Amino acid sequence: MSNKYPNPHANKIFTALLQYYKGHGTALRFSTTFQLLCAVILSAQTNDNQVNKITDKLFAVASDSAALAAMSLEQIEELIKTCGLYKNKARHLQQAARIINEQYGGEVPQTREELETLPGVGRKTASVVLFVGFNIPALPVDTHVLRVANRLALADSSTPAGTEKQLCAQLAPELWGDIHHALIWHGRTICLGRKPQCAKCFLRQDCPFVV
DNA sequence: ATCCCGAGGG
DNA sequence: CCCTCTGGAT
């Protein structure tokens with residue numbers, strides 16, 4: 001265990017993050033894996049609160065892939081308009097719903113390869129569905145994870161793929177998803193993009209970034 | 001003005 | 001590698 005993950009700095013930070021954000025999962029509201037997939041597709045370049053406002057209404061009208069596949073593009077666009085990038089997202093939702101309905105019997109596929117063939121589903125979205133939906137080890141890397149991991153010297157990559165590889169190599173797979181959520185919450189509440197709240201950060205004594 | 005749990009296309 | 005898509009909150 002300790003010789004597999006020998007970086008004392010990283011181990012200390014990971015432990016502190018996991019403890020501090022224990023129990024903080026996703027803020028997205030959903031009741032099925034299909035709904036989770038839709039919520040994550042909608043979450044690009046907006047915040048979870050905006051997504052929840054939309055999905056509360058969307059899932060009331062279309063709770064599964066069959067119902068969503070039956071909606072017109074215009075209907076979907078109208079419902080999701082307030083989250084931005086809505087034309088792409090509406091098309092992705094409709095097409096993904098059709099594929100899941102027709103090729104997967106209405107059930108979201110459980111492999112990364114299958115998930116990433118769905119329109120609107122890239123590596124990050126697939127990782128979220130794998131971990132949150134199916135409890136399969138994955139470490140989704142978004143802008144928060146990339147920024148916070150670099151500031152804390154847990155990674156030094158400029159790309160999500162690089163950051164994911166570096167983080168995964170330093171953590172047991174059963175912790176990948178939890179550290180993802182911890183880094184997300186840290187990035188949202190303390191380690192903000194423009195104005196990091198270093199004065200109130202519990203990691204400042206071990207953080208090389210501190211401003 | 002800047003940011004928000006990105007993906008697809010050129 | 002770059003660009004585009006996009007409304008709402010702060």
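Within every chain, numbering begins at 1; the chains are lettered A, B, ... in the order of the sequence lines, protein sequences first and strands thereafter. The structure displayed is predicted, hence computed values, not measured ones. Hydrogens, waters and symmetry mates play no part in the numbers below; they use all other heavy atoms, side chains included.
- Relative to the side chain of A:T125, the nucleotides B:dA7, C:dG8, B:dC5 differ in distance, and B:dA7 lies closest.
- A:K81 comes within contact range of the sugar-phosphate backbone alone, with a heavy-atom separation under 4.0 Å but no base atom that close.
- Residue-to-nucleotide contacts include a donor-acceptor pair under 3.5 Å from the side chain of A:K124 to the base of B:dC5.
- Side-chain nitrogen and oxygen atoms of A:K53 include at least one within less than 4.0 Å of the OP1 or OP2 phosphate oxygen of C:dA9.
- Using a 4.5 Å cut-off on side-chain heavy atoms (C-beta onward), A:R29 and A:D56 make contact.
- Two rings, from A:H92 and A:Y86, have their centers 6.0 Å or more apart.
- Residues A:A97 and A:A69 approach most closely at CB-N, 3.8 Å, considering heavy atoms.
- Contact of the A:D156 side chain with the A:T163 side chain is not registered, since no non-hydrogen atoms from C-beta on lie closer than 4.5 Å.
- Spacing between atom NZ of A:K87 and atom P of B:dG9 amounts to 17 Å, rounded to whole angstrom units.
- The distance from atom CG of A:L79 to atom C1' of C:dG7 is 15 Å, rounded to the nearest whole Å.
- Contact annotation: A:H180 does not reach the phosphate of B:dC5 (side-chain N/O to OP1 or OP2, under 4.0 Å).
- Donor-acceptor pairing under 3.5 Å, judged by distance alone, is present between the side chain of A:T26 and the base of B:dC5.
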